[in-house]
Amino acid sequence: MSTAIARKMSRPGQWFQPAEADPEARIRLLLFPHAGSGAIIYRDWPEVLPADIGAQAVTLPGRQERRGETSYTEWQPLVEGLYEAVLGASDHRPFAFFGHCLGAQLAYELAVRMERDGVPGPLMVGMSGWAPTGFFCPTDEHIEMPEEQLVSWIKRLGSFPAEIYDNPAMLAMVIPALRADLSVAAQRVDLGALVPCPLVSYGGRSDGLQEEEDAFESWIPRSPQYLGHREYPGGHFFIDTHVEAITQDFCGHLYRLEAAARG
């Protein structure tokens with residue numbers, strides 16, 4: 001079966017964990033992971049989120065339970081596939097986006113695309129570990145790194161659990177997905193689009209991928225209502241150890257915006 005046919009047969013629910021948001025939740029929250037990973041990076045979020053916020057984390061093809069599928073290696077086809085999945089899973093409830101690194105790039109693109117198409121978009125977006133300028137952008141050199149160098153690089157970033165690095169079978173699953181996602185990120189073209197909703201950003205004080213000290217200020221002219229930046233101790237994966245603080249801040253903003261939208 002060709003990749004195109006396989007994707008066409010894929011149901012929208014396969015992109016999300018859980019496949020459907022809690023029917024009792026008043027607000028939906030779609031979570032987008034970093035390069036090379038999937039829904040597992042948000043495994044602790046359901047435990048700390050309020051009961052009336054139903055989280056669904058995205059897993060792209062080529063990893064975790066979707067590792068039998070071919071990974072996207074081009075930016076636009078991935079955006080199109082994810083866009084269709086998000087629209088297919090939408091319902092009457094208000095929703096928000098939160099993304100880390102590549103996930104932030106995808107959340108940004110989807111929010112812009114929804115407004116352009118006249119589709120009801122998110123109440124707000126949370127951008128973690130990435131900003132439009134001042135952050136690392138992969139090149140062919142990074143994508144084509146020999147595996148030993150690539151593993152050393154991601155090890156310094158702390159992007160995966162320590163036990164993966166010494167497990168050849170686990171690395172064999174992670175590395176192809178990571179290379180595919182780096183290829184996707186390298187093709188993103190920044191058009192300077194405005195985010196059509198309020199936006200809040202989060203970062204780690206020692207993030208090795210942040211190349212400019214004031215990188216997050218590049219969000220200010222891109223959102224009609226920039227809700228500010230929150231910074232935490234740690235590197236690029238600060239979100240792993242500050243889940244409660246991040247979710248508390250994010251949900252506080254989300255509740256206020258949802259109440260305002262209800263009038």
Side-chain angles (χ1 to χ4, degrees), residues 17 29-50 53 55-60 63-64 96-108 122 124-138 142 150-165 174 177-178 181-182 185 188 195 198-220 222-223 226-254:
Q17 289 188 9
L29 174 59
L30 300 185
L31 304 167
F32 301 86
H34 65 80
S37 191
I40 193 170
I41 76 161
Y42 294 110
R43 61 187 175 277
D44 296 331
W45 283 52
E47 297 178 8
V48 296
L49 285 169
I53 296 181
Q56 290 176 279
V58 169
T59 293
L60 305 181
R63 66 219 68 201
Q64 292 181 209
F97 291 161
F98 182 99
H100 183 72
C101 198
L102 175 62
Q105 297 173 40
L106 291 169
Y108 172 41
M124 67 175 290
V125 292
M127 295 293 166
S128 172
W130 179 77
T133 63
F135 261 82
F136 163 81
C137 182
H142 296 98
L150 186 61
V151 170
S152 177
W153 180 58
I154 63 176
K155 199 170 186 177
R156 288 197 302 273
L157 288 175
S159 48
F160 294 96
E163 59 268 20
I164 286 181
Y165 303 116
V174 167
L178 178 61
D181 288 352
L182 291 175
R188 190 189 71 85
V195 181
L199 179 151
V200 62
S201 62
Y202 302 91
R205 289 178 191 151
S206 306
D207 189 341
L209 296 186
Q210 185 174 338
E211 298 174 342
E212 297 177 12
E213 186 175 343
D214 59 353
F216 286 97
E217 292 183 10
S218 60
W219 282 122
I220 296 174
R222 299 205 186 198
S223 174
Y226 183 50
L227 303 174
H229 179 64
R230 308 291 183 270
E231 200 167 75
Y232 301 89
H236 188 60
F237 293 94
F238 67 94
I239 62 170
D240 293 342
T241 50
H242 299 284
V243 176
E244 291 189 17
I246 293 168
T247 53
Q248 184 176 19
D249 181 79
F250 185 83
C251 291
H253 290 301
L254 184 54

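Put simply, CG on Leu106 and CH2 on Trp130 are 9.5 Å apart, with the number rounded to the nearest 0.5 Å. To the nearest 0.5 Å, atoms CD (Gln17) and CD (Gln64) are separated by 6.0 Å. Interatomic distance, Asp240 CG to Asp44 CG, rounded to the nearest 0.5 Å: 8.5 Å. Of the inter-residue distances, the one linking Leu182 atom CG with Leu150 atom CG reads 7.0 Å to the nearest 0.5 angstrom. From Leu199, atom CG reaches atom CZ of Phe97 across 12.5 Å, with rounding to the nearest 0.5 Å. One distance of note links CG of Asp207 with CZ of Phe135; it measures 4.5 Å at 0.5 Å rounding.
Taking both residues in full, the closest heavy atoms of Thr133 and Ser218 are given as OG1-CB, 3.1 Å, listed atom of the first, atom of the second, then distance. The two residues Ala96 and Leu254 have their closest heavy-atom pair at CB-CD1, 3.8 Å. Counting all heavy atoms, side chain and backbone alike, His253 lies closest to Tyr202 at CD2-OH, 4.5 Å. Residues Gln210 and Phe216 share a closest heavy-atom pair of OE1-CE1, 3.4 Å. Across all their heavy atoms, Glu231 and Gly204 have their closest contact at CG-C, 4.3 Å. In terms of heavy-atom proximity, Gly134 sits nearest to Ala215 at O-CB, 3.8 Å.
Distance alone, capped at 3.5 Å, is enough to place a donor-acceptor pair between the His242 side chain and the Pro233 backbone. A donor-acceptor pair is defined here as one N or O able to donate and one able to accept, closer than 3.5 Å; no such pair exists between the side chain of Ser37 and the backbone of Pro33. Side-chain atoms of Thr59 come within 3.5 Å of backbone N or O of Ala39 as a donor-acceptor pair.
Side chains of Leu31 and Val58 form no contact here, defined as non-hydrogen atoms less than 4.5 Å apart. Residues Ile246 and Arg230 have side chains not in contact (no heavy-atom distance under 4.5 Å, counting atoms from C-beta outward). For the pair Arg188 and Cys137, the minimum side-chain heavy-atom distance is 4.5 Å or more. By the 4.5 Å heavy-atom criterion applied to side chains, His236 and His100 are counted as neighbours. Side-chain contact between Phe250 and Val125 is absent, with no heavy atoms from C-beta onward closer than 4.5 Å. When side chains are defined from C-beta on, Cys251 counts as touching Leu49, because their heavy atoms get closer than 4.5 Å. Here the side chains of Trp219 and Tyr108 are in contact, with some heavy-atom distance below 4.5 Å. Using a 4.5 Å heavy-atom cutoff, the side chains of Asp181 and Arg63 are in contact.
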Exercise. Can you list the steps and then say if Gln56 with Leu29 is a side-chain contact (heavy atoms from CB on, under 4.5 Å)?
Worked result: CA-CA 6 Å; Gln56 290 176 279; Leu29 174 59; over 6 Å; no

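Residue-environment remark: CD (Glu212) exceeds the threshold of 12 foreign heavy atoms within 6.0 Å.
Taking the six-membered ring where tryptophan is involved, the planes of Trp45 and Phe98 are tilted, since the angle between them lies from 30° to 60°.
For the 3.5 Å distance criterion, the side chains of Thr241 and Tyr232 fail to qualify, holding no donor opposite an acceptor.
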